[in-house]
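When a ligand or atom number is given, it counts from 1 through the structure's own listing order. In this chain, numbering begins with 1 at the start of the sequence shown.
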Amino acid sequence: MQKRDILLKIYNSLYNYFGPLHWWPGGSPFEVMVGAILTQNTSWNNVEKAIKNLKKRNLLNPDAFYYLSQEELSKLIKPSGYYNIKAQRLKNFVTFFFEEFEGSTEKMFSGDSEELRKKLLNIKGIGPETADSILLYAGEKPFFVIDTYTKRIFSRHKLISEEAAYHHIQEFFYQNLPKEVKLFNEFHAQMVMLGKTKCTSKNPDCPKCPIVYLKKLE
Ligand code: SF4
């Protein structure tokens, strides 16, 4: 079976099993970008608590966020873990956002997406996974997000190497899938769901997994 056919089969099996997941679980593009940084090294449940704190004070908009002190921000995002580091990263990001795009998401996403990706990667604390999450979920640009779950699932079935670098794994998807925002969005969401519920780091629940047939293809 061709890799493209395998990928689409996996996608269809997961979609049929879990249903549409409607990601990203955030509101405005700005909120998605903040969430993409907050979710580094933590679960979404913890991010939600931090987002709730920011929303309660009406701070989840570019202007209010820009003027918020790093100290105050640190306190509000405490539930997301690594809050001092994340407050610094969020400040780095929002400074960039205003300097480059005057705090406008329309301006940010209206130019060349590859150029924007390079700029995002130059911000201290923003790596490829965060940059691609911002591009895909806030900007609706066709960038495939590679995370721990995707790496784990695909390497367990030897579709990618366990040691493969981020951009190599991403290339695997680009070479074998049509570059479509909706597909990339839902595929990543399905990977996360599978990684959390079946393909866990210890004791994966293979007998109940919707893509257990991959074992026969190895
Ligand atoms: S749970 Fe098992 S069958 Fe499912 S993706 Fe993980 S390793 Fe494969």
Side-chain angles (χ1 to χ4, degrees), residues 1-26 32 35-49 80-82 117 121 126-218:
M1 202 187 260
Q2 299 280 315
K3 281 179 180 155
R4 182 191 161 96
D5 296 332
I6 296 176
L7 281 184
L8 290 174
K9 187 173 163 67
I10 293 173
Y11 174 74
N12 286 326
S13 305
L14 296 177
Y15 191 88
N16 289 336
Y17 188 82
F18 293 117
L21 296 171
H22 306 294
W23 267 36
W24 180 278
V32 173
I37 295 171
L38 287 174
T39 200
Q40 295 172 342
N41 304 309
T42 196
S43 72
W44 186 254
N45 281 349
N46 295 332
V47 175
E48 273 182 335
K49 290 175 198 154
S80 73
Y82 305 101
R117 187 176 192 268
L121 290 173
I126 299 213
E129 186 182 336
T130 308
D132 291 332
S133 297
I134 288 174
L135 286 158
L136 178 64
Y137 290 108
E140 298 185 357
K141 305 294 176 192
F143 286 82
F144 202 96
V145 180
I146 308 299
D147 59 12
T148 318
Y149 301 115
T150 308
K151 204 170 172 178
R152 184 196 298 153
I153 294 160
F154 280 82
S155 63
R156 276 179 173 168
H157 291 287
K158 301 180 180 59
L159 288 163
I160 56 162
S161 145
E162 230 173 299
E163 284 82 41
Y166 187 97
H167 66 281
H168 281 132
I169 306 174
Q170 197 176 42
E171 205 46 44
F172 169 73
F173 286 94
Y174 288 159
Q175 303 257 320
N176 294 295
L177 285 177
K179 265 196 160 186
E180 287 168 13
V181 171
K182 203 169 167 275
L183 175 67
F184 285 5
N185 175 323
E186 192 65 45
F187 208 139
H188 175 233
Q190 297 288 342
M191 285 287 111
V192 175
M193 183 61 102
L194 183 69
K196 280 183 175 172
T197 58
K198 308 281 180 212
C199 200
T200 45
S201 59
K202 286 178 193 152
N203 308 319
D205 190 4
C206 299
K208 289 189 189 150
C209 177
I211 57 170
V212 67
Y213 54 77
L214 286 180
K215 285 180 175 287
K216 290 188 192 141
L217 300 177
E218 282 166 22

Next item on the list: Measure the spacing between OG1 of T148 and CE of M191 and express it to the nearest 0.5 Å.
Entry: 13.0 Å

Item checked: ring pair (Phe, Tyr, Trp, His ring centres under 6.0 Å) assessment of F144 paired with Y174 -> CA-CA 8 Å; F144 202 96; Y174 288 159; 7.2 Å; no

Check: Aromatic rings W44 and W24: how do their planes relate, parallel, tilted or perpendicular, breaks at 30° and 60°?
Finding: perpendicular

Notebook entry, point to check: Do K151 and I169 have side-chain heavy atoms sitting under 4.5 Å apart?
Noted result: yes

Check: What protein N/O/S atoms lie closer than 2.8 Å to atom 6 (Fe) of ligand 1?
Finding: C199 SG

Check: Tell me, do I6 and L214 make a side-chain contact under 4.5 Å, heavy atoms counted?
Finding: yes

Note to self: Does Y17 have more than 12 heavy atoms from other residues, nucleotides or ligands lying within 6.0 Å of its OH?
What the structure shows: yes

